[in-house]
S.K.: 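Have a look at the structure that comes next, please.
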Amino acid sequence: MDGNGRWATQRGLPRLLGHKEGVEALVRAVRAFTNKGVQTLTVYAFSTENWSRPEPEVSGLMSLVPTAMKAHLEQLARQGVRLRAVGDLSALSPKVRQAFARMEEYTAGNRRVTLNVAFNYGGRWDVVQACRRAMADGVDPQALDERTLSRYTALADTPDPDLLIRTGGECRLSNFLLWQLAYAEMFFTERLWPEFDDEDVNQALAFYASRERRFGSLPGHHPPAAGLAAHG
Ligand code: FPP
């Protein structure tokens, strides 16, 4: 969800107001994607690298979590959204952890769409924590294969993403879902996240629909064991 800071700066506002507007854009986007039948969304809300931002911005982003929950949790729950936090939550303050715990508990029974909020998340962190947990479980190194390691990743029970959307004009992954994005289609847009609207949702989905997914095979040949068939 890139471009919050620029959106605010362009208007002479503090960057944090851009992040606040980013929350509004997220709520709108969840509704729009849900209406289009998307069943799983994962958003990058705070990366393991974001700790290096100025302290007021970091603490502002942290306090946005309980604030956003107060403002939107009930409405999201009514829409059938199940919310989950993914990342190294152990490093967060009790207040933020509690807000995420309540968010998960409150929406656990919802099934229409799952919104994973990646927070203190990094793709490399995820691979390392998955390896650590597999080793702690006593998995035999010879028996460790992709399927087994996947089960230890933070999104183990979630289908791999079919589509990555990055706003704000950057064309890189920035340590997001490195393992899970292996076959994702990638949509990059100049749009700043707070301005992301229904038209952008339509554009992203039209882009996705225009792609021929091959999962490493030849044009026109779709291996049955990969991709949408296997990943839902
Ligand atoms: C990147 O834009 C955005 C972030 C680091 C934060 C994204 C967070 C939210 C939208 C809030 C989500 C919060 C909850 C509780 C789910 P940037 O600051 O790098 O923008 P810039 O590239 O214009 O500087």
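For ligands, and for the atoms within them, numbers begin at 1 and follow the listed sequence.
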S.K.: Against heavy atoms of Met1, which atoms of ligand 1 measure under 4.0 Å?
M.R.: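 Counting atoms of ligand 1 from 1, those under 4.0 Å from Met1 are 1 (C), 2 (O), 3 (C), 9 (C), 10 (C).
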
S.K.: Just checking, is any N or O donor in the side chain of Asn116 or Arg84 under 3.5 Å from an acceptor N or O on the other one?
M.R.: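 Judged by distance alone, the side chains do pair up.
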
S.K.: Counting heavy atoms only, which part of Asn50 comes closer than 4.0 Å to ligand 1: side chain, backbone, both or neither?
M.R.: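 The answer is the side chain.
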
S.K.: For atom 2 (O) of ligand 1, tell me which residue out of Val43, Val27, Asp2 has the closest non-hydrogen atom.
M.R.: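 Among Val43, Val27, Asp2, the closest heavy atom to atom 2 (O) of ligand 1 belongs to Asp2.
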
S.K.: Test your reading of the structure: does Trp193 have an N or O sitting under 3.5 Å from an N or O of ligand 1?
M.R.: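 No: no nitrogen or oxygen of Trp193 is under 3.5 Å from one in ligand 1.
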
S.K.: With a 4.0 Å heavy-atom cut-off (strictly under), which part of Glu170 contacts ligand 1: side chain, backbone, both or neither?
M.R.: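 Answer for Glu170: neither.
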
S.K.: Would you mind listing which atoms of ligand 1 come within a distance below 4.0 Å of any non-hydrogen atom of Ala45?
M.R.: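 This gives 6 (C), 7 (C), 8 (C), 12 (C) as the contact atoms.
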
S.K.: Just to be sure I'm reading this right: ignoring hydrogens, which of Thr167, Leu26, Asn4 gets closest to atom 10 (C) of ligand 1? Compare them by their nearest heavy atoms.
M.R.: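 Minimum heavy-atom distance to atom 10 (C) of ligand 1 goes to Asn4.
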
S.K.: Please name the pair of heavy atoms, one in Leu163 and one in Ala184, separated by the smallest distance, quoted to 0.1 Å.
M.R.: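 So the minimum-distance heavy-atom pair works out to N-CB, 4.4 Å.
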
S.K.: Between Arg53 and ligand 1, which part of the residue brings a heavy atom under 4.0 Å of the ligand: side chain, backbone, both or neither?
M.R.: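 Arg53 to ligand 1: side-chain contact only, backbone stays beyond 4.0 Å.
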
S.K.: So is Gly168 close enough to ligand 1, meaning a heavy atom under 4.0 angstrom away?
M.R.: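 For ligand 1, residue contact (heavy atoms, under 4.0 Å) with Gly168 is absent.
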
S.K.: Check Asp197 with Arg28, please: is the shortest side-chain N to carboxylate O separation under 4.0 Å?
M.R.: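 Salt bridge between Arg28 and Asp197, a charged N being under 4.0 Å from a carboxylate O: no.
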
S.K.: Short list, please: which atoms of ligand 1 are under 4.0 Å from a heavy atom of Val23?
M.R.: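 In order of number, 11 (C), 13 (C).
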
S.K.: Can you tell me if Asn175 uses its side chain to pair, donor with acceptor, with the backbone of Arg124 under 3.5 Å?
M.R.: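 Judged by distance alone, yes, a pair lies under 3.5 Å.
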
S.K.: Check the side chains of Gln79 and Arg112 for a donor-acceptor pair under 3.5 angstrom, ignoring hydrogens and angles.
M.R.: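 Absent: no donor and acceptor within the cut-off.
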
